[in-house]
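Heads up: the structure comes next, in C-alpha cells.
In what follows, chains are A, B, ... by sequence order, proteins preceding strands, each numbered from 1. Side chains are part of it too, since the values below use all heavy atoms of this structure and drop only hydrogens, waters and symmetry mates.
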Amino acid sequence: MSYEIKINNRLSTIELLRKDGSNYQIAIDNKVYELDVAEVENGVYSILLDNISFNVELVEGRNSKSYIVNTLYETFGVEIIDAEAKYLMSRRKDEGEDTNVIVSPMPGKVVKILCNEGDHVKAGDTVIIVSAMKMESEYKVKQDRIIKRILVKEGDTVKGDQPMVVIE
Amino acid sequence: MSYEIKINNRLSTIELLRKDGSNYQIAIDNKVYELDVAEVENGVYSILLDNISFNVELVEGRNSKSYIVNTLYETFGVEIIDAEAKYLMSRRKDEGEDTNVIVSPMPGKVVKILCNEGDHVKAGDTVIIVSAMKMESEYKVKQDRIIKRILVKEGDTVKGDQPMVVIE
Amino acid sequence: MIKKVLVANRGEIAVRVMRSCRELGIKTVAVYSDVDRKSMHVRYADEAYFIGPAPSSESYLRMDKIMEVAKLSGADAIHPGYGFLSENANFSRLCEKEGVIFIGPSPYAIDTMGDKITARKTMIAAGVPVVPGTTEPIKDLKTAVKIIMEIGLPVMIKASAGGGGKGMRLVKREEDIVNAVSSARSEAKTAFGDDAVYIEKYISSPHHIEFQVLGDKHGNVVHLFERECSVQRRHQKVVEETPSPIMTQEIRMKMGEAAVAAAKAVDYYGAGTIEFIVDDNLNYYFLEMNTRLQVEHPITERVVGVDLVKQQINIADGLPLIFKQEELHQHGHAIEVRIYAEDPDNNFMPSPGIIKHITEPLGLGVRHDGYAYEGYEIPMYYDPMISKLIVWAETRQEAISRLKRALYAYKITGVKTSIPYLSRILDVPAFVEGRYNTHFIEENQQYLLPRQGCTDRCMDVAAITAFVDYINKLERLQPDKPAKHLGNNWKDLGRKRSVLRY
Amino acid sequence: MIKKVLVANRGEIAVRVMRSCRELGIKTVAVYSDVDRKSMHVRYADEAYFIGPAPSSESYLRMDKIMEVAKLSGADAIHPGYGFLSENANFSRLCEKEGVIFIGPSPYAIDTMGDKITARKTMIAAGVPVVPGTTEPIKDLKTAVKIIMEIGLPVMIKASAGGGGKGMRLVKREEDIVNAVSSARSEAKTAFGDDAVYIEKYISSPHHIEFQVLGDKHGNVVHLFERECSVQRRHQKVVEETPSPIMTQEIRMKMGEAAVAAAKAVDYYGAGTIEFIVDDNLNYYFLEMNTRLQVEHPITERVVGVDLVKQQINIADGLPLIFKQEELHQHGHAIEVRIYAEDPDNNFMPSPGIIKHITEPLGLGVRHDGYAYEGYEIPMYYDPMISKLIVWAETRQEAISRLKRALYAYKITGVKTSIPYLSRILDVPAFVEGRYNTHFIEENQQYLLPRQGCTDRCMDVAAITAFVDYINKLERLQPDKPAKHLGNNWKDLGRKRSVLRY
C-alpha cells in the first residue's frame with residue numbers, strides 16, 4: 001500500500017514495492033529506487049544507491065510518524081501521512097484558526113510577562129520574554145489581539161513547544 | 001527485601017533501604033552506603049560516594065539478573081540471586097555433572113574436528129579446532145573420555161558460548 | 001607542590017583543565033549545579049561537590065560555596081577556567097586570604113586590566129601603543145581640528161555625553177574636518193545639551209589579533225605568538241587561527257615585545273592574552289588584556305607545542321618558566337572553530353536539548369575538546385558551546401582542507417549546531433585567501449546563506465530513510481504479520497506504545 | 001591527476017586513507033565483504049561496492065574483483081593500505097597492466113625486498129650492514145673458528161640441516177669456541193646425519209628500530225627518522241615510539257643514510273620502512289624492508305609533521321617530493337599503542353563481539369585512529385585491532401603521562417580490550433626509563449599481571465551499580481507499583497520481556 005509523505009513542503013506518494021534483507025525497492029512519485037538501507041547506529045542509517053554511499057540521521061519528531069532528517073548539508077522535516085494522520089489533519093482544519101497560541105520554540109525560563117488576561121494588545125507589542133542560554137527572546141503579536149489566557153508565570157521553566165499565551 | 005548478590009566469587013546480601021531521586025541508601029553485608037547513582041549514558045553510570053566520583057559501566061549478561069561490570073581497572077561478573085535463580089541453581093545441581101560439553105568461548109569457525117561420535121579419546125587429545133580472528137584454538141580433553149555427540153561440523157560458524165562437543 | 005585542584009567551572013574547559021591535572025598526577029575536584037549532575041566534568045573528576053541551583057549566580061559564581069568546597073575537599077588550589085570567576089579580583093583576593101592558591105593572576109593585575117581607563121593609562125606609561133585619541137572632552141573647534149591633524153585621518157568624532165549614534169561623525173578627508181566637527185557639536189548640543197566631543201583614531205578595516213603571554217612569579221614574561229581572531233559575529237569569535245595570515249615576522253616580534261611589556265607593566269603572572277586592534281598596514285594598538293585562559297588557547301598549544309594549563313599550574317606553584325623567549329617557535333598552522341548548539345539558519349537561536357547521537361571527527365591533525373555525549377542534555381542556563389574543533393597542518397591551506405574534512409565527519413543530532421555555518425565560512429574566498437578583518441561576516445553574507453546541497457534525489461533518499469525506519473518500526477511491533485500488511489492497525493500500535501516506553 | 005581512489009582494505013586504515021583523500025578533494029571508493037556492510041569505511045566513502053563473502057581469500061584478497069570495481073567505478077588509482085594485497089607484486093603488476101595507478105612501490109621493489117635471500121644480497125651490494133654470518137655451510141672446525149673470530153663474539157652456531165634447537169650453540173667466550181663448534185657438529189651429526197653448521201652474529205639484547213622512507217619516481221629518496229618498535233609480544237608490535245630512547249643524533253644520521261641507500265638499491269618509490277636490528281652498542285643491521293605503509297606510521301606523521309598518505313598519493317601521481325632531507329626535523333615525542341579486541345588476562349584470546357559503548361579519549365596531544373562505533377560488531381574474520389591511540393608531547397616523559405591519561409578515559413564495553421594491559425606497560429620501570437629491548441615483555445611479566453586496583457569498597461560500588469540497574473529495570477516494568485514492592489513478580493516480568501524485545 002502507498003502512503004503520502006511530506007518532505008518539508010513537498011508532498012509525495014511513497015510505496016514499498018519489495019524488501020529483501022536490507023535491500024528495498026521503493027517508489028516515490030513513480031520513480032523507482034533500488035537501495036540498500038542499513039541502520040548502523042541508533043537512528044543513523046547508511047544507504048547505498050547505485051553504489052553511492054549516503055549517510056542519513058533520523059530523530060523522531062512529535063510522534064512516531066514524524067522525523068527530523070539530516071543529510072550531509074541539510075535538515076528536513078519528514079511526515080508520514082497515513083489514514084489516522086489524514087483524519088487528524090481534517091479535524092484540525094474544522095476547528096478553524098480563530099485561536100492562536102504563543103509557543104516557546106526552545107526550553108527556557110519566563111523572564112517577564114507584559115500583559116494580563118483580557119488585555120487588548122496592539123500589533124508589534126511584546127507579550128512575553130523568555131530567556132535561554134544567556135539570550136532573551138521577545139515574543140510579539142503580529143496583529144491587534146486580545147489576551148485570552150496566560151498559561152505560565154514569571155520564573156517558570158518552559159519546555160520546547162510549550163504553549164505559553166493564548167491570544168484571540 | 002534483601003537479595004543475594006554474587007561479585008565474582010564473593011557472595012553478599014544486598015538491600016535497598018531508601019531511594020530519593022538519584023540518592024540511594026543501600027546495605028551490603030551490613031555496611032550501609034549513601035550514594036548518588038546516575039545513569040548518564042546507556043549502561044554507563046556515574047556514582048558519587050562521599051563525594052568520590054566513580055564511573056562504572058554495565059553490560060547485561062546471559063539474562064536480566066546477570067551483569068558484566070567494568071570499574072576503572074577491573075571487570076567483574078555480578079549476579080543477582082532472587083528466588084527464581086535459587087530454584088534454578090538447586091535444580092541444576094540435581095542433574096549432576098556426569099555429562100560434559102566443550103563450548104566455544106567466542107564466535108569463530110570450526111576448522112577441524114578430530115574425533116567421531118563414539119570415539120574413545122585420551123587425556124590431552126585435541127578434539128576440535130576453532131579459528132577466530134586469525135588465531136586457531138585447540139580444544140583438548142583433560143581425562144580419558146568418550147565422545148558422546150558432535151553438535152557442529154567443519155566449516156560451521158559458531159557463536160560465543162555455543163556447545164560443540166558432548167563428552168562422557 | 002599543588003596536589004589537588006578544584007576546578008571552579010563546567011563544560012569543556014573544566015574537562016580540559018582536569019586532563020592536564022591528571023597528566024601531572026594532581027587530583028581534581030569538580031563542583032556542579034542542579035542541572036550538571038550528569039555533566040562530563042563531574043564524571044571525569046576524582047571528587048565532585050554539589051554547590052547549588054542551576055543559575056550561575058546561585059552556583060558557579062558563589063565564591064563562598066566554592067571556597068567551602070575547597071576547604072572541605074582539601075584542595076590546595078583553584079582553577080577558574082574562563083568566564084564565571086576567572087577575572088574576578090575579589091575571588092583572587094579571597095583565595096589569597098584563605099590560603100588557597102588561585103591559578104591565575106594577582107588581584108592587582110586583574111583590577112588594573114579590568115578597568116579600561118586605568119588599563120589605557122598604564123599601557124601608555126609602559127610605551128605600549130593604544131588607539132590614538134583624546135582623553136578629555138574638547139569644547140572648541142580649533143582644538144578639535146588641531147588634535148585631528150595630530151592623530152591623522154580617518155577619525156571618529158563622538159559626543160561626550162553621547163550614545164545611539166547621535167553626534168557621531170566619521171571623517172575620512174581633510175576638507176571635511178571643519179564641517180564634521182561643527183555638525184557633530186551642534187547635533188550633540190541639540191541631543192544632549194552639551195557640545196563637548198571626543199576624537200578617536202578610526203580603524204577602517206580592523207583585525208583582531210591577540211598575543212598569548214605567560215609570566216611567572218619571578219618577573220619572567222614570554223609571549224607565545226599571535227592568534228588571529230577577526231572572524232567574529234556580534235563580537236563573538238567564530239574562527240581563530242595562528243599564525244595570522246596577515247602577519248610579518250618583523251611585526252610579530254614587535255607586537256610580541258609590546259605584549260610582554262604590557263604584561264610586565266602590571267607584574268603579570270599566569271597565562272594572559274593581550275588583544276590588539278590592527279589595521280591593514282599592520283599598525284597595532286592595545287585593546288585590552290584578558291587575565292585568564294582564552295577559549296581559543298588550543299591553537300597556540302598546537303603550534304608552539306606547550307600545554308598552557310600545565311604552565312598555569314606550575315606558575316601558580318611558584319616555579320620559574322621552563323623556557324626562554326628564543327626557545328619558542330611556531331610550527332605549521334592551526335585553526336579552531338567553536339561548535340555551538342544554535343540554529344545558524346534561524347538567527348542563531350540557541351538550541352538546547354538532548355544530544356541524540358554524536359560522531360566525533362578524528363584522525364591526523366585533529367583535536368576535539370568537548371564535553372557532550374549521547375544522551376546528554378545541553379542545559380539552557382549556560383553558554384551553548386558544545387565543543388571546539390582544532391586542526392593543525394603544515395600549511396594554512398592544508399589546515400583548511402583538514403578542517404573541512406573534520407566538519408564533514410562531525411555529526412550531531414538532537415540539537416541544531418553551527419557546523420553547517422562553519423563549513424560555509426571555510427569556502428568564502430576572502431577566508432581562503434586570508435584577506436579578512438572583523439567585517440568579514442557582514443561583508444560575506446551572500447556566501448554564508450544555507451546551501452541547496454540536496455538535490456531531488458538526495459531529498460528522496462532522506463524521505464525513503466524515514467519511511468524505512470517507520471515501516472520497520474511497525475513491523476517490530478507486529479511480529480506475527482509480514483511487512484506488506486502493515487499500516488492498518490493503528491489502535492494496536494497505540495495500545496502497545498503505552499507499554500513500550502522502556 | 002588522481003581523482004578517484006579505490007581503497008582495497010577495511011578497518012581503521014581504510015578510513016585513515018579516505019580522510020587524506022577527502023582533504024585532497026579526491027573521491028573514494030570502498031569495497032566490502034558480507035560482514036562489512038555496516039563497517040565505517042563503507043559509511044565514510046563516496047561509493048561502496050560489495051566484493052564477496054567474509055573470508056579475505058574470497059573478498060579483500062580477490063585481485064580480479066577489486067580490479068573489476070576499479071573499472072566499474074572509474075577509479076584511477078588503488079590504495080592497498082597494509083596487509084591484504086599491499087605487498088603483493090602480482091597485484092602491483094596487474095594494476096600496471098590494467099592502467100590503474102597502484103599507490104605503492106614497483107613490482108620489482110616488492111619482489112626484491114620480499115625474498116629474504118635476494119634482499120640480503122642486494123643490501124650487501126649496496127653497502128647496507130646486515131647481520132654478519134656465513135652464507136655457505138661450514139664443514140670443518142678450523143674454518144669455523146676462523147669465521148667466528150672474523151664475525152666477533154657472541155655468535156650462534158646452527159646445524160645446517162637443523163631445527164628444534166638440536167646442534168645449536170650460543171658462544172659468548174673465546175675459550176668456549178672449539179668446544180662449542182665440536183659439540184654442535186657432533187650433535188648435528190647424530191641428529192641429522194650431517195655435521196655442517198652455519199655461524200651467525202648473536203644479538204643478545206636486540207632492539208627493533210625502523211626508518212620511514214619516502215621515494216619519488218624521479219629517484220629522490222628521503223628518510224623521516226626512526227620508530228622504536230621493541231615492545232613486542234610474539235613478534236607483534238604493542239607500543240611504538242619516536243624518537244627511540246636509545247638513539248643518538250650521530251647514529252640516527254648514519255642509519256638514515258643506510259635506509260636511503262637500501263631504498264635506492266631497489267629504485268624504491270612510495271612510502272616504505274627499513275627495519276633494523278640494533279644491539280645495545282647501537283650497532284645496526286638491516287633486517288627487512290616493508291614495502292607499504294606501516295600500522296605505526298602516525299607517530300612519524302606527528303613528530304615530523306608530514307601526512308604520509310598524501311605523500312604516497314602525490315608520489316603515485318608522479319610528483320616529485322616536496323621536501324629535501326635537510327628540511328625534515330623531529331619535534332617532540334610521539335607514542336602509539338594498539339587497542340585490540342582481546343583478553344589480556346586470558347592468554348590474549350581474541351574477543352570479537354558487539355561494541356556496547358565507547359568513550360574515545362580526546363584533548364591536547366591525542367590522536368585516535370579507529371573505525372568502531374556503538375553497536376558495531378567486530379567481525380571474527382579479520383585482525384582484531386579496534387583502533388590506534390597516538391599521543392604527542394614535548395618530552396617523552398610528558399608523552400607517557402598523556403598516554404596514561406588517554407587510556408584512563410578510553411572506555412569500551414561489550415568486548416574485552418588490551419587497554420588495561422597497555423596501561424600496565426606504561427608503568428614498567430624499564431619502559432619509563434627507556435631501557436628496553438625485544439625481550440621487554442617476557443622480562444617484565446611480573447609488572448604486567450592484572451592489578452588488584454579495586455578495593456572492597458570499589459567492589460561494593462560495582463555490585464551496587466548492577467543492583468540499582470536491576471531494581472530500576474524492574475520498576476520500569478511495573479509502573480503501578482512503588483519500588484519497595486519489587487522482586488515478587490517474576491512471571492509478569494517474563495511475560496512482558498517477550499514483548500519488550502524492541
Side-chain angles (χ1 to χ4, degrees), chain A residues 1 3 5-8 10 12 14-16 18-19 22 24 26 28-29 31 33 35 37 39 41-45 47 49 52 54-60 64-76 78-80 82-84 105-109 131-135 137 157 160, chain C residues 54-55 340-343 345-346 348-353 356-357 359 374 377-384 408 411-414 416 420 423 450-454 456-475 483-488 490-491 493-494 497:
Chain A
M1 73 168 268
Y3 293 77
I5 193 163
K6 213 173 145 191
I7 313 116
N8 282 357
R10 194 188 95 181
S12 299
I14 190 163
E15 186 173 4
L16 172 63
R18 198 166 45 75
K19 181 186 167 179
S22 67
Y24 291 80
I26 285 173
I28 292 197
D29 291 341
K31 263 176 290 176
Y33 290 98
L35 322 87
V37 182
E39 184 170 11
E41 299 180 64
N42 192 10
V44 180
Y45 279 85
I47 291 117
L49 167 59
I52 306 295
F54 291 85
N55 294 284
V56 177
E57 296 134 49
L58 304 179
V59 177
E60 224 179 73
S64 64
K65 294 169 227 169
S66 101
Y67 291 93
I68 294 155
V69 183
N70 289 347
T71 60
L72 181 51
Y73 294 112
E74 271 153 288
T75 298
F76 299 100
V78 173
E79 197 101 21
I80 289 144
D82 61 0
E84 188 197 44
M106 59 183 170
K109 196 172 179 172
S131 115
M133 292 174 144
K134 297 177 163 182
M135 195 174 112
S137 305
T157 301
Chain C
Y340 282 97
E342 64 186 13
D343 185 356
D345 301 337
N346 185 14
F348 297 89
M349 280 267 275
S351 173
K356 296 282 186 186
H357 183 263
T359 303
E374 274 173 41
E377 180 169 5
I378 296 178
M380 62 180 205
Y381 295 92
Y382 315 109
D383 188 79
Y408 165 82
K411 313 269 186 201
I412 297 178
T413 56
K416 302 220 174 203
S423 302
R451 278 176 199 164
Q452 285 300 331
C454 208
D456 273 359
R457 181 175 147 114
C458 152
M459 269 175 86
D460 285 351
V461 169
I464 287 170
T465 309
F467 181 65
V468 165
D469 187 88
Y470 172 75
I471 58 179
N472 287 339
K473 202 156 53 181
L474 288 188
E475 199 178 306
K484 51 187 168 184
H485 293 145
L486 290 178
N488 296 318
W490 280 105
K491 282 184 187 161
L493 175 61
R497 281 188 77 221

(request) Counting only heavy atoms closer than 4.5 Å, note whether A:I7 contacts chain C via side chain, backbone, both or neither. (result) both

(message) Please classify the contact between A:K31 and chain C as side chain, backbone, both or neither, with a heavy-atom cut-off of under 4.5 Å.
(response) side chain

(message) Measuring only between side-chain heavy atoms, which start at C-beta, is C:C458 closer than 4.5 Å to A:E74?
(response) no

(request) With the side chain counted from C-beta on, respond yes when A:I26 and C:V468 share a heavy-atom pair under 4.5 Å apart, and no when they do not. (result) yes

(request) Check each atom of A:E79 against the heavy atoms of chain C and say whether the ones under 4.5 Å are side chain, backbone, both or neither. (result) neither

(message) Please find the pair of heavy atoms, one from C:M380 and one from A:T157, that lie closest to each other, and give the distance.
(response) CE-CG2, 3.9 Å

(request) Please flag which part of A:L49 lies under 4.5 Å from any non-hydrogen atom of chain C: side chain, backbone, both or neither. (result) both

(message) With chain C as the partner, which of A:D29, A:I14, A:N8 has the greatest number of non-hydrogen pairs under 4.5 Å?
(response) A:I14

(message) How close do C:D460 and A:I28 get, counting heavy atoms only, and between which atoms?
(response) O-CD1, 3.8 Å

(message) Under the side-chain contact (heavy atoms from CB on, under 4.5 Å) test against A:V56, which residue among C:D469, C:T465, C:I464 passes?
(response) C:T465

(request) Over all heavy atoms of both residues, which pair between A:L16 and C:I471 is shortest? Give the atoms and the distance, please. (result) CD2-CD1, 3.5 Å

(message) How long is the straight-line distance from CD1 of A:I80 back to NZ of C:K473, given to the nearest 0.5 Å?
(response) 7.0 Å

(request) Counting only heavy atoms closer than 4.5 Å, note whether A:I68 contacts chain C via side chain, backbone, both or neither. (result) neither

(message) Just verifying a value: how many Å separate A:E15 CD and C:F467 CZ, rounded to the nearest 0.5 Å?
(response) 8.0 Å

(request) State whether C:K411 and A:E41 are salt-bridged, where the test is any N-O pair (Lys NZ or Arg NE/NH1/NH2 against Asp/Glu carboxylate O) under 4.0 Å. (result) no

(request) Identify the two heavy atoms, one from A:F54 and one from C:R457, that lie closest to each other, and give their separation to 0.1 Å. (result) CZ-NE, 4.4 Å

(message) Going by the rule side-chain contact (heavy atoms from CB on, under 4.5 Å), which residues pair with C:A466 if we only count those two or more places apart in sequence or in a different chain?
(response) A:L58, A:Y67, A:V69, A:V78

(message) Can you tell me how far apart OH (C:Y470) and OG (A:S66) are? Round to the nearest 0.5 Å.
(response) 11.5 Å

(request) Calculate, to the nearest 0.5 Å, the distance between atoms NE2 and CD belonging to C:H357 and A:E57 respectively. (result) 7.0 Å

(message) Please identify, among C:T359, C:D345, C:V461, the residue contributing the most non-hydrogen atom pairs under 4.5 Å to chain A.
(response) C:V461

